[in-house]
Amino acid sequence: PVYLLCAISNCTVVLYHISDQPIDSEIFNSFIWKLCDQFPENNENLYFLCDNASFHGISHITQKHLNNNNIFITRTTPLGCFTNPIEEFFSIDHSKFEEILGQRMLSNDSYLSKEEYLNIIKHSIVYASETCNYKIIFARSGLL
């Protein structure tokens, strides 16, 4: 299995992380630090939206780092798939991944190296990043 973390803005994918290990709070907090580093000269309040996945816990030191950079975490409502831009993005990503993988299987080439598999995931992320209507899904969630 492969695990994916994506940070999206209201117009693109800002950062992603692919792992062959399950995402836990430690990996998630490291991801949040890298995401925070994407905005080194931040003078405005920024908000990161997270859903309520169990590994989305923010450690005290990460919270302090975010606060020092005027970055805040806001959460989606529990089980609020319709109003969750993250779920919308991942549905597009997942559909594209299945399409590419299905085409590969139909061509009778069922062996995929790990590198090829990761490239399909990356291609799906790029596709979703380019085709997702961020403004609509962020507006639907009340964030725009």
Side-chain angles (χ1 to χ4, degrees), residues 1-106 110 112-144:
V2 176
Y3 304 88
L4 175 63
L5 275 173
C6 272
I8 61 174
S9 71
N10 64 350
C11 57
T12 192
V13 172
V14 178
L15 181 68
Y16 67 89
H17 170 76
I18 300 171
S19 174
D20 49 3
Q21 297 179 13
I23 306 297
D24 59 15
S25 291
E26 184 178 331
I27 293 170
F28 180 72
N29 277 267
S30 295
F31 182 78
I32 292 294
W33 275 75
K34 284 183 181 180
L35 183 57
C36 189
D37 292 343
Q38 297 284 322
F39 307 94
E41 303 295 323
N42 180 43
N43 295 321
E44 299 178 10
N45 289 346
L46 290 177
Y47 294 89
F48 295 160
L49 177 68
C50 294
D51 58 22
N52 294 295
S54 60
F55 62 84
H56 283 167
I58 304 295
S59 71
H60 176 71
I61 190 76
T62 300
Q63 186 64 56
K64 187 174 180 177
H65 183 63
L66 291 169
N67 291 346
N68 289 340
N69 290 289
N70 298 322
I71 298 174
F72 305 94
I73 300 291
T74 187
R75 304 278 178 176
T76 61
T77 58
L79 304 173
C81 292
F82 181 71
T83 59
N84 186 341
I86 300 161
E87 295 297 330
E88 182 87 15
F89 172 82
F90 274 109
S91 71
I92 295 167
D93 176 68
H94 182 76
S95 292
K96 187 62 173 178
F97 173 80
E98 284 186 332
E99 177 187 326
I100 296 169
L101 189 60
Q103 289 171 353
R104 178 72 185 260
M105 295 300 152
L106 286 175
S110 59
L112 283 176
S113 68
K114 183 175 180 176
E115 183 179 335
E116 290 171 310
Y117 191 76
L118 293 176
N119 283 335
I120 292 173
I121 293 170
K122 291 174 185 175
H123 182 78
S124 300
I125 293 167
V126 169
Y127 176 82
S129 181
E130 293 171 351
T131 60
C132 187
N133 190 334
Y134 297 101
K135 296 212 184 302
I136 286 178
I137 62 174
F138 273 81
R140 187 172 66 213
S141 67
L143 296 171
L144 275 181

Check salt bridge (charged side-chain N to carboxylate O under 4.0 Å, His left out) between Glu26 and all other residues, then give those that pass, not counting sequence neighbours.
-> none
Can you tell me how far [atom2] of [Y] sits from [atom1] of [X], rounded to the nearest 0.5 angstrom?
X: Cys132; Y: Ile125; atom1: SG; atom2: CD1; value: 13.0 Å
X: Cys36; Y: Leu15; atom1: SG; atom2: CG; value: 11.5 Å
X: Asn29; Y: Leu35; atom1: CG; atom2: CG; value: 12.0 Å
X: Ile100; Y: Glu98; atom1: CD1; atom2: CD; value: 11.0 Å
X: Ile32; Y: His56; atom1: CD1; atom2: NE2; value: 7.5 Å
X: Ser113; Y: Glu115; atom1: OG; atom2: CD; value: 5.5 Å

Can you check side-chain contact (heavy atoms from CB on, under 4.5 Å) on Ile71 and Tyr47, steps first, answer last?
-> CA-CA 6 Å; Ile71 298 174; Tyr47 294 89; over 6 Å; no
State whether the side chain of Ser91 and the backbone N or O of Glu88 hold a donor-acceptor pair below 3.5 Å, judged by distance alone.
-> yes
Does the Ser124 side chain pair with the main chain of Ile120, one donor and one acceptor, at a distance under 3.5 Å?
-> yes
Shortest non-hydrogen contact between [X] and [Y], atoms and distance:
X: Ser129; Y: Phe89; answer: N-CE1, 3.7 Å
X: Trp33; Y: Ile61; answer: CZ2-O, 3.9 Å
X: Pro40; Y: Asp37; answer: CD-O, 3.5 Å
X: Gly57; Y: Ser25; answer: N-OG, 4.2 Å
X: Cys6; Y: Phe90; answer: CB-CZ, 3.9 Å

Quick one, [X] and [Y] - any side-chain contact, counting heavy atoms below 4.5 Å?
X: Tyr16; Y: Asp93; result: no
X: Ile58; Y: Phe28; result: yes
X: Lys34; Y: Val14; result: no

Return the orientation label for the His17 and Phe31 ring planes: parallel under 30°, perpendicular over 60°, tilted otherwise.
-> tilted
Any idea how Phe48 and Phe39 line up, ring-wise: parallel (<30°), tilted (30 to 60°), or perpendicular (>60°)?
-> tilted
Would Leu112 and Leu101 satisfy side-chain contact (heavy atoms from CB on, under 4.5 Å), going step by step from the backbone distance to the final call?
-> CA-CA 9 Å; Leu112 283 176; Leu101 189 60; 3.3 Å; yes
